[in-house]
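Worksheet: one structure, shown below.
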Amino acid sequence: QFILRRTSLVAMESKFFRFLKLVGVGFKARTEQGGRELFLKLGYSHEVQFTAPPTVRVFCFKPNIICCTGIDKHRVHHFAGAVRSSKPPEVYKGKGILYIDEVIKLKPGKKQQKK
């Protein structure tokens with residue numbers, strides 16, 4: 001409960017937000033050092049680590065929802081794009097890191113194609 005209050009206080013100071021959603025079995029995110037470091041479990045043999053720039057903070061509301069926030073729009077969107085590029089959504093199953101409002105148009109697989 002204290003973390004949510006602290007998050008909302010920081011969020012009220014910042015103007016720009018970018019929400020990311022992790023889609024996939026076992027994909028998880030966590031933050032450390034007051035929103036400075038982001039650790040992602042994306043199915044690799046290691047955790048992927050990101051360090052946020054000074055004007056950007058990162059929060060995880062759930063293990064699969066990431067909020068990038070800050071006072072500089074360019075840096076917030078650039079950091080969110082860097083996080084997304086570590087596991088972009090694939091077109092066959094839709095797994096990966098998506099923006100929260102992004103819609104992925106899935107391609108049909110081999111078995112669903114018409115002959």
Side-chain angles (χ1 to χ4, degrees):
Q1 192 175 17
F2 174 74
I3 294 173
L4 290 176
R5 287 183 187 163
R6 186 172 162 216
T7 303
S8 63
L9 289 175
V10 173
M12 292 187 71
E13 293 174 0
S14 359
K15 291 186 176 183
F16 301 104
F17 302 91
R18 199 68 166 154
F19 289 92
L20 299 166
K21 177 172 60 170
L22 277 67
V23 178
V25 177
F27 290 4
K28 293 181 182 177
R30 63 182 173 89
T31 57
E32 288 184 3
Q33 294 184 359
R36 288 283 180 207
E37 289 190 359
L38 175 68
F39 294 93
L40 301 173
K41 289 185 181 179
L42 299 173
Y44 299 128
S45 61
H46 58 283
E47 281 189 341
V48 181
Q49 178 182 359
F50 287 97
T51 303
T55 59
V56 177
R57 291 275 190 257
V58 185
F59 300 104
C60 295
F61 295 116
K62 293 181 180 178
N64 63 342
I65 303 288
I66 303 169
C67 174
C68 302
T69 181
I71 56 173
D72 186 6
K73 181 178 180 180
H74 176 72
R75 290 191 184 191
V76 170
H77 286 238
H78 188 267
F79 180 74
V83 171
R84 183 180 182 269
S85 69
S86 65
K87 190 81 167 182
E90 58 157 62
V91 294
Y92 292 105
K93 292 185 179 179
K95 293 181 179 181
I97 301 176
L98 300 99
Y99 295 119
I100 202 89
D101 56 350
E102 184 177 12
V103 177
I104 298 295
K105 185 175 178 184
L106 298 178
K107 287 185 177 180
K110 289 183 183 179
K111 294 183 180 179
Q112 284 108 15
Q113 288 179 353
K114 294 182 180 179
K115 293 182 179 180

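Hydrogens, waters and symmetry mates are skipped; everything else that's a heavy atom, side chains included, is used. Heads up: numbering here begins at 1 and tracks the sequence. Treat the numbers as computed from the prediction; the structure is a model and nothing was measured.
- Within 6.0 Å of NE2 in H77 there are more than 12 heavy atoms belonging to other residues, nucleotides or ligands.
- For H46, the NE2 atom counts as densely surrounded, since its 6.0 Å shell holds more than 12 non-hydrogen atoms of other residues, nucleotides or ligands.
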Inset, instruction - Before giving the answer on side chain to side chain contact (heavy atoms under 4.5 Å, CB included), spell out for T69 and V56 the whole-Å C-alpha distance, their side-chain angles and the decisive distance to 0.1 Å. - result: CA-CA 6 Å; T69 181; V56 177; over 6 Å; no
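- Considering NZ of K28 and CD of E47, their distance stands at 10.5 Å, rounded to 0.5 Å.
- Here OH of Y92 is found 4.5 Å from NZ of K107. Values are rounded to the nearest 0.5 Å.
- Contact between P53 and F79 at its shortest, heavy atoms only, is CD-CD1, 3.8 Å.
- Side chain of T31 to main chain of R36: no donor-acceptor pair is present (N/O by atom type, distance under 3.5 Å, no hydrogens or angles).
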Inset, instruction - Apply the test side chain to side chain contact (heavy atoms under 4.5 Å, CB included) to residues L98 and I104: give CA-CA distance (whole Å), side-chain angles for both, the deciding distance (0.1 Å), then the verdict. - result: CA-CA 9 Å; L98 300 99; I104 298 295; 3.2 Å; yes
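- Listed here is the closest heavy atom pair of S85 and P88: O-CD, 3.5 Å.
- Distance check, rounded to the nearest 0.5 Å: CZ of R57 to CD1 of I71 gives 10.0 Å.
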Inset, instruction - Before giving the answer on side chain to side chain contact (heavy atoms under 4.5 Å, CB included), spell out for C67 and V58 the whole-Å C-alpha distance, their side-chain angles and the decisive distance to 0.1 Å. - result: CA-CA 6 Å; C67 174; V58 185; over 6 Å; no
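- Here K21 pairs with V23, I65, I100 under the side chain to side chain contact (heavy atoms under 4.5 Å, CB included) rule; sequence neighbours left out.
- Going from atom SG of C68 over to atom CZ of F59 covers 10.0 Å, rounded to the nearest 0.5 Å.
- For the pair L40/I66, a side-chain contact is recorded, criterion being any heavy-atom separation below 4.5 Å from C-beta on.
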Legend entry - Verdict with reasoning, R75 to T55, per side chain to side chain contact (heavy atoms under 4.5 Å, CB included): CA-CA 8 Å; R75 290 191 184 191; T55 59; 3.3 Å; yes
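- Cation-pi geometry between R18 and Y99 is met: under 6.0 angstrom from the ring centre, within 45 degrees of the axis.
- Cation-pi geometry between K87 and Y44 is satisfied (NZ or CZ under 6.0 Å from the ring centre, within 45° of the ring normal).
- Contact detail for P89 and I97: the closest heavy-atom pair is CD-O, 3.3 Å.
- Summarising the geometry of F50 relative to S86, their closest heavy-atom pair is CZ-CB, 3.8 Å, with the distance given to 0.1 Å.
- In this structure, F39 places its CZ atom where more than 12 heavy-atom neighbours from other residues, nucleotides or ligands lie under 6.0 Å away.
- Once rounded to the nearest 0.5 Å, the distance linking CG of L38 with CD of Q33 reads 12.0 Å.
- Among residues at least two apart or in separate chains, salt bridge (charged side-chain N to carboxylate O under 4.0 Å, His left out) pairs with a member in residues 92-103 are R84-E102.
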